[in-house]
Amino acid sequence: MKSEPAVYGIEDLEKEGETLWDGVRNYQARNYLRAMTPGDLVFFYHSNTKVPGIVGLARVKETGVIDPSQFNPDSPYFDPKSSHQSPRWDTVSVAWVETFPRPLSLATLKEKFSSHELLLVRKGNRLSVMPVERSIAELILSMI
DNA sequence: GCCAACGTTGGC
DNA sequence: GCCAACGTTGGC
């Protein structure tokens, strides 16, 4: 799961313990959220920063949560086309697990993995939520 | 700041 | 349904 640290970083999650992953407004990313199961491990990725990369771990807590920000006109994530009757956007809550001593940089990940193995290293990939294959996830964990 | 790689919008 | 125009993302 990707986030800009200036908006919401791993330090924020560590401080709060858990958070609702609101604001995802891409259908493909939403579908990946819907495919999640409580207990799933999450790689927390920092984008738009000096050293983009995986900075820690989280765990999926609750799935299928309606994203309240879609109904809030004051929210940057407000969606006027969504309704309470048929909400478009739902998401998951995640709990903090671990903050890495140093980030596992995108540059390192690009060295080790192909875009087939790890969607994150694919050029032009802008999805904020992406699946990671278990075998690849274990390799990443062994690199920490 | 640049720009490639998208996704979305809207006229037709 | 097509596609040009536009906006956004995000690495560099």
Side-chain angles (χ1 to χ4, degrees), chain A residues 1-16 18-37 40-61 63-144:
Chain A
M1 299 175 92
K2 256 194 245 189
S3 185
E4 300 184 24
V7 178
Y8 193 91
I10 188 79
E11 292 80 9
D12 298 301
L13 183 59
E14 179 167 1
K15 212 175 299 171
E16 294 174 17
E18 91 174 69
T19 194
L20 185 67
W21 204 263
D22 61 354
V24 174
R25 294 293 179 268
N26 173 287
Y27 286 104
Q28 201 181 342
R30 184 204 63 183
N31 292 343
Y32 285 139
L33 287 168
R34 287 182 174 177
M36 289 179 178
T37 302
D40 280 353
L41 196 62
V42 172
F43 290 113
F44 197 117
Y45 179 90
H46 278 180
S47 66
N48 249 318
T49 186
K50 262 166 285 178
V51 184
I54 301 172
V55 292
L57 300 176
R59 206 170 278 285
V60 174
K61 202 170 177 199
T63 57
V65 185
I66 303 296
D67 183 346
S69 65
Q70 69 194 301
F71 306 124
N72 179 6
D74 298 324
S75 167
Y77 306 124
F78 177 62
D79 183 356
K81 293 178 190 161
S82 189
S83 71
H84 283 88
Q85 286 72 26
S86 59
R88 287 186 177 197
W89 310 107
D90 50 73
T91 186
V92 304
S93 62
V94 298
W96 177 83
V97 172
E98 181 182 341
T99 302
F100 296 160
R102 58 194 174 85
L104 190 50
S105 72
L106 178 62
T108 301
L109 292 168
K110 278 180 170 171
E111 281 173 24
K112 306 275 180 182
F113 300 105
S114 70
S115 63
H116 266 279
E117 296 169 312
L118 187 62
L119 289 176
L120 179 66
V121 306
R122 185 172 297 178
K123 192 181 180 187
N125 201 337
R126 302 181 338 198
L127 284 183
S128 59
V129 182
M130 285 175 279
V132 181
E133 213 175 300
R134 182 174 296 275
S135 59
I136 304 298
E138 280 164 9
L139 283 172
I140 293 171
L141 289 171
S142 72
M143 293 168 66
I144 307 310

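Order of the sequence lines sets the chain letters (A, B, ...), proteins ahead of strands, with each chain counted from 1.
- For DNA chain B, no neighbouring residue in residues 102-120 of chain A is found when judged by any heavy atom under 4.0 Å.
- Legend: ring pair (Phe, Tyr, Trp, His ring centres under 6.0 Å) pairs involving residues 95-121 of chain A, not counting sequence neighbours: none detected.
- Of the residues in residues 41-49 of chain A, none has a non-hydrogen atom less than 4.0 angstrom from any atom of DNA chain B.
- Applying the side chain to side chain donor-acceptor pair (under 3.5 Å) test to pairs two or more places apart or on separate chains, those with a residue in residues 41-54 of chain A are Glu4(A)-Asn48(A).
- For the salt bridge (charged side-chain N to carboxylate O under 4.0 Å, His left out) test, residues two or more places apart in sequence or in another chain that qualify with Arg25(A) are Asp67(A).
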A correct 5'-to-3' footprint of nucleotides 1-9 of chain B, with B, S and - meaning base, sugar-phosphate only and no protein heavy atom under 4.0 Å, is ---SBBS-S

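- Applying the salt bridge (Lys or Arg N to Asp or Glu O under 4.0 Å) definition to pairs two or more places apart or across chains, none involves residues 99-116 of chain A.
- Sequence neighbours left out, the pairs with a member in residues 77-89 of chain A that pass salt bridge (Lys or Arg N to Asp or Glu O under 4.0 Å) are Asp79(A)-Arg88(A).
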Distance-only donor-acceptor pairs under 3.5 Å for side chains of residues 132-144 of chain A, two or more places apart:
unit_1, atom_1, unit_2, atom_2, d
Ser142(A), OG, Leu139(A), O, 2.6

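- The salt bridge (charged side-chain N to carboxylate O under 4.0 Å, His left out) test applied to Asp90(A) returns Arg34(A), not counting sequence neighbours.
- Lys61(A) pairs by the side-chain hydrogen bond (donor to acceptor under 3.5 Å, both in side chains) definition with Glu18(A), not counting sequence neighbours.
- Residues passing the side-chain contact (heavy atoms from CB on, under 4.5 Å) test with Pro68(A), sequence neighbours excluded: Leu20(A).
- Phe78(A) and Gln70(A) make their closest contact through CD1-O, 3.3 Å (heavy atoms, listed as atom of the first residue, atom of the second, distance).
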